[in-house]
Student: 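Sharing a structure with you now.
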Amino acid sequence: MTATPEPSPTEVPQRQPIRDIVAYFLRLGTIGFGGPVALVGQMERELVGGKAWVTRQEMRDAIAVSQSLPGPLAIQVGIFIAYMRGGFWGAWAGGWAFILPNFVIVAALGALYVYFGGLSWMTAIFYGVSPAVIALILHSCWRLAKLGMEDWPQWVVAAVCFVVTIWLQAEVAVLFIGAGILGILYYGSLFRGGFPSTGLFAAAAAPVAIDTKEPTAGILSSLLAFFLKAGSLTFGSGLVIVPFLEKGLVQQYGWLNGREFLVAVAVGMLSPGPVVITATFVGYLVAGFWGSLVSTIGIFLPSFILILAVAPILVRHRANPNVQGFVKGAYAAAIGTILGACVLLGKIAIGDWLTVLIGLGSLAALFFVPRLSNPLLIAATAVIGLIAFPLLQPGWVFVK
């Protein structure tokens, strides 16, 4: 089947019916594996090169602005695209359609985990799948670099952000804003007789039994407040959200112990859709179904508010050279921090000879088997984990 040709840079893709937007994001939320970068890479592959819903420039704008705002990257890119093709209501419908399948899957896993007092096989799957997730991130980052990295200053910014991310062991929000400002200075018109866009500054300023608690108003309001804060203050990928959640859930509130928290992170990595769906699992462990619901709303609601506030400004001022400069700088920072996050996550996912082989084999398959689907790769490595983990019994998996 021949792919639909991408629109020319001057040709604006047509508005899409909301039902088509909902159908696409329901499908993506059901079969999209590999974390935020892999999901964004899948959107780029399907919506730029396949359906031709967005141009390459629109995709760059969506990634750069989303990476520069707090909240989960993949969801924000999806909301941005849904807004461009379906307006305000298309963004709300498409964004929640993206989240819904993952919410159902993870809430069901939370119920099983509570009912059976833990899922020992989840550790085995985590062992096999995690190196494949690292490969998915690297492959998607390569695709995103091809999409938006155009010259050496962007690569310098990316290299600096890569080093800082590894050094500090976290993604730093100020990197994206700082890189965007450098982009304005280098690519924009501030020193070329032009004037900065007011829209730009608006965008830049932005195995024992498990006991759940009774879902009282106090517990539910505490969960909602905690995850609203998490969704509002953490940038980029799951690398940032994990230490933030661990500090609050384990150390501050004592809602989970260390092992339960690691299982929650594993569920977020292994399930389709965005990694921060970990919030759904956590919410179920703390306060059952209603806990999972308010936690999910809390972690994702800030993304809708931020994107719907910034997207109209960017669309209106997209041709402004200062806006374009900010986008280029922030995009380069995104590439560098994603690669840095990949190194840090690799220390958790890869710890012996088999996980090295799984990671390298997965990466080779992604590059040399173009039709390989992410769900098939995840399923194959999950089987490897289920077989190998009882034989090798690698004690480092949850120790790290």
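As the structure is a prediction and not an experimental result, all values here were calculated from the model. Hydrogens, waters and symmetry mates play no part in the numbers below; they use all other heavy atoms, side chains included.
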Student: Could you state the interatomic distance from OH (Tyr253) to CG (Leu223), rounded to the nearest 0.5 Å?
Tutor: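 If we round to the nearest 0.5 Å, Tyr253:OH and Leu223:CG are 9.0 Å apart.
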Student: Linking I/L/V/M/F/W/Y whenever any side-chain heavy atoms sit under 4.5 Å apart, do Val157 and Met149 land together?
Tutor: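 No.
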Student: For the residue pair Phe227 and Val294, establish whether any side-chain heavy-atom pair is separated by less than 4.5 Å.
Tutor: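 The answer is no, as the side chains (C-beta and beyond) never meet within the 4.5 Å cut-off.
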Student: Answer yes or no: are there more than 12 heavy-atom neighbours, outside Trp290 itself, under 6.0 Å from its atom CH2?
Tutor: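 Incorrect, the count does not exceed 12.
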Student: Charged N to carboxylate O below 4.0 Å: is that the case for Glu44 and Lys146?
Tutor: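 Not counted as a salt bridge, because no side-chain N and carboxylate O are separated by less than 4.0 Å.
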Student: Could you check whether any side-chain heavy atom of Leu366 comes within less than 4.5 Å of a side-chain heavy atom of Leu138, counting everything from C-beta outward?
Tutor: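 Side-chain contact under 4.5 Å: no.
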Student: Does any donor atom in the side chain of Tyr186 or Asp151 lie under 3.5 Å from an acceptor atom in the other side chain?
Tutor: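 No.
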Student: Decide if atom CZ of Arg45 counts as having more than 12 heavy atoms of other residues, nucleotides or ligands within a radius under 6.0 Å.
Tutor: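 Yes, CZ of Arg45 has more than 12 neighbouring heavy atoms, counting only those of other groups under 6.0 Å.
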Student: Measure up the Phe304 and Trp96 rings against each other and bin them: parallel (under 30°), tilted (30 to 60°), perpendicular (over 60°).
Tutor: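 Parallel, since the angle between the ring planes stays under 30°.
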Student: Is a donor on one side and an acceptor on the other found under 3.5 Å between the side chain of Thr355 and the backbone of Asp352?
Tutor: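 Checked: pair present.
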Student: Going hydrophobic residue to hydrophobic residue with side-chain gaps under 4.5 angstrom, can you get from Ile358 over to Leu391?
Tutor: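 The answer is no; the residues belong to distinct hydrophobic clusters.
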Student: For the pair Gln42 (side chain) and Leu28 (backbone), establish whether a donor and an acceptor sit closer than 3.5 Å, ignoring hydrogens and angles.
Tutor: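 Not confirmed, Gln42 side chain does not pair with Leu28 backbone.
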Student: Any chain of hydrophobic side-chain contacts (each under 4.5 Å) joining Ile384 to Ile387?
Tutor: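 In one cluster: no.
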Student: Quick check on the hydrophobic clustering: are Val383 and Val129 connected, directly or via other members, by side-chain heavy-atom contacts under 4.5 Å?
Tutor: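 The answer is no; the residues belong to distinct hydrophobic clusters.
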Student: Are the side chains of Phe389 and Ile125 in touch, meaning some heavy atoms are under 4.5 Å apart?
Tutor: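 Not in contact.
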Student: Only one of Ile277, Leu249, Thr296 passes side chain to side chain contact (heavy atoms under 4.5 Å, CB included) with Val282; say which it is.
Tutor: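 The residue from Ile277, Leu249, Thr296 that satisfies side chain to side chain contact (heavy atoms under 4.5 Å, CB included) with Val282 turns out to be Leu249.
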Student: Could you check whether any side-chain N or O of Ser130 sits under 3.5 Å from a backbone N or O of Tyr127, counting only pairs where one atom can act as donor and the other as acceptor?
Tutor: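 Absent.
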Student: Any donor-acceptor pair under 3.5 Å linking the side chain of Arg15 with the backbone of Gly86?
Tutor: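 Checked: pair present.
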Student: Any donor and acceptor pair, going by atom type alone, linking the side chain of Gln154 with main-chain N or O of Glu150 inside 3.5 Å?
Tutor: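 At least one qualifying donor-acceptor pair exists.
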Student: Side-chain contact, heavy-atom cut-off 4.5 Å: Phe98 with Ile79?
Tutor: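 Not touching, per the 4.5 Å side-chain cut-off.
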Student: In terms of side-chain heavy atoms, does Tyr24 have a donor or acceptor partner in Glu46 at a distance below 3.5 Å?
Tutor: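 Yes.
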Student: Quick one: side-chain hydrogen bond (donor to acceptor under 3.5 Å, both in side chains) pairs with a partner in residues 377-395, sequence neighbours left out?
Tutor: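 As it turns out, there is no side-chain hydrogen bond (donor to acceptor under 3.5 Å, both in side chains) pair with a partner in residues 377-395 once direct neighbours are skipped.
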